[in-house]
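Written out below as structure tokens is the structure these notes cover.
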Amino acid sequence: MIYADNAATTKMSRAAIEAMKECMEEDYGNPSSLHSVGQRAQEKLSEAREKIASLLGCLPAEIIFTSGGSEADNQALRSAAALGAKKGKKHLVSTAFEHHAVLHTLKKLESEGYEVTLVPVGEDGLVSPAEVERAIRPDTCLVSVMYANNEIGTIQPIPEIAALCKRKGVLFHTDAVQAAGHIPVSLENVDMLSLSAHKFHGPKGIGLLYARRGLRPDPLIEGGAPARGKRAGTENLPAIMGMAAALEESVLHMKENAEKMSAVRDRVIAGLSRIPHGILNGDAKKRLPGCVSFCFEGIEGESLLLMLDDYGICASSGSACTSGSLDPSHVLLAIGRPHEIAHGSLRLTFSEETTLEDADEVVTKVKEVVEKLRGMSPVWRELQEGKRQYFLR
Ligand SMILES: *Cc1c(COP(=O)(O)O)cnc(C)c1O
């Protein structure tokens, strides 16, 4: 079996599992307890916080542990909106191809009286800083642009966008869930940043919101002692330990892993580009090391996935959230793919464990499955008989 769905989630690393195991067996105390067992847990928590902070290049106090990327996104948007409302600023800027954790929160905020501008995305899967600048108004309280897209893997010009927001005096948040642990992530001029452990070989259900010193994001979860606006509830210490171990390992091996994964990625892109009437989604170079996304004309992404699974390849049609619904991906529509093409999407996301042999096998099997499915497709027959026009050359 070849696992090529690392953007949906990754396999936990040995180091993360060991860190969690040790914590569960030995540091079972509640960090808020005053006795020695609790204080030991509190020490472990502080150590993990310090380690993560030094890996990210921020202060320990700037980290809020959350239940994952979705919660961090929700908290960032809601806090900025609440802060904006106090100053009469009720406009938020984001992009058309954000993760649903951002887009659905923005929808909610709209229904609560906020205004939202979604900046369009280029056909290359890149957001233009000039477009973001144009969308900013005097009443804008937040700009939120993802670091790297989770469906097509394109890396956004975050340093430029963060700098222009700073210049304009607008808060800037970035969903860095796909980027953290995979590519260098800069916090320069960034006010808030979300990440999630299970996207870099850590456990599921844990993530964090970085919030620049001075910002005090409103907690989404209330309860317990009202300490410094911190998230209520007993900290998930084993998961936090697992996240710290996974992040350390990912950051330490980032360069070599990225080189390995880019080689696999580029080999798969080269191989799949030879399939007629198909197209790579997003810029070929400005993309995550392990991410390949294609659309193939005349097939259904769902059937492609199921058949690939039979062939021993775990892939995705786009985001895990869109998979399983028949709506085409909002990301592919945002980069201008017509519905007919967006339905035939395939996302392959590799890890440092994927080999070049795996890459060749993936290419061979995808080719075979695409041919097979086209052979059974009435749409494909009409295209071939000239009764329909091809979208893709
Ligand atoms: C996975 C993902 C999320 C959600 O993270 P969870 O920890 O699963 O809640 C948010 N944004 C992006 C870009 C993602 O890829």
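Order of appearance sets the numbers: ligands from 1, and atoms from 1 within every ligand. Residue indices begin at 1 and follow the sequence shown. Note: hydrogens, waters and symmetry copies are ignored here, and every other heavy atom, side chains too, is used.
- For atom 3 (C) of ligand 1, the closest non-hydrogen atom of the protein is H99 NE2, 3.4 Å.
- Proximity to H198 (heavy-atom distance under 4.0 Å) selects the following atoms of ligand 1: 6 (P), 7 (O), 8 (O).
- When only modelled atom types and interatomic distance are considered, T154 and N149 share no side-chain donor-acceptor pair under 3.5 Å.
- Of the protein's non-hydrogen atoms, K199 NZ, 1.4 Å is the one closest to atom 1 (C) of ligand 1.
- Here Y3 pairs with nothing under the ring-ring contact (aromatic ring centres under 6.0 Å, His included) rule; sequence neighbours left out.
- When only non-hydrogen protein atoms are considered, atom 11 (N) of ligand 1 lies nearest to D175 OD2, 2.6 Å.
- A donor-acceptor pair under 3.5 Å links the side-chain atoms of R265 to the main chain of R287, judged by distance alone.
- Shortest contact from atom 6 (P) of ligand 1 to any protein heavy atom: G69 N, 3.4 Å.
- Checking S250 against H182 by side-chain atom types alone, no donor-acceptor pair falls below 3.5 Å.
- Ring geometry for W380 against H277 counts as perpendicular: the plane angle is over 60°, on a 0 to 90° scale with 30° as the lower cut.
- Residue G68 approaches ligand 1 through these ligand atoms, each under 4.0 Å from one of its heavy atoms: 7 (O).
- Those atoms of ligand 1 that come under 4.0 Å of a heavy atom in M146, given as number and element, are 13 (C).
- Side-chain atoms of H201 and S13 include no donor-acceptor pair closer than 3.5 Å.
- S196 OG, 2.6 Å is the protein heavy atom nearest to atom 7 (O) of ligand 1.
- For the residue pair T9/K204, the side-chain donor-acceptor check at 3.5 Å is satisfied.
- Of all protein heavy atoms, the one closest to atom 9 (O) of ligand 1 is S70 OG, 2.7 Å.
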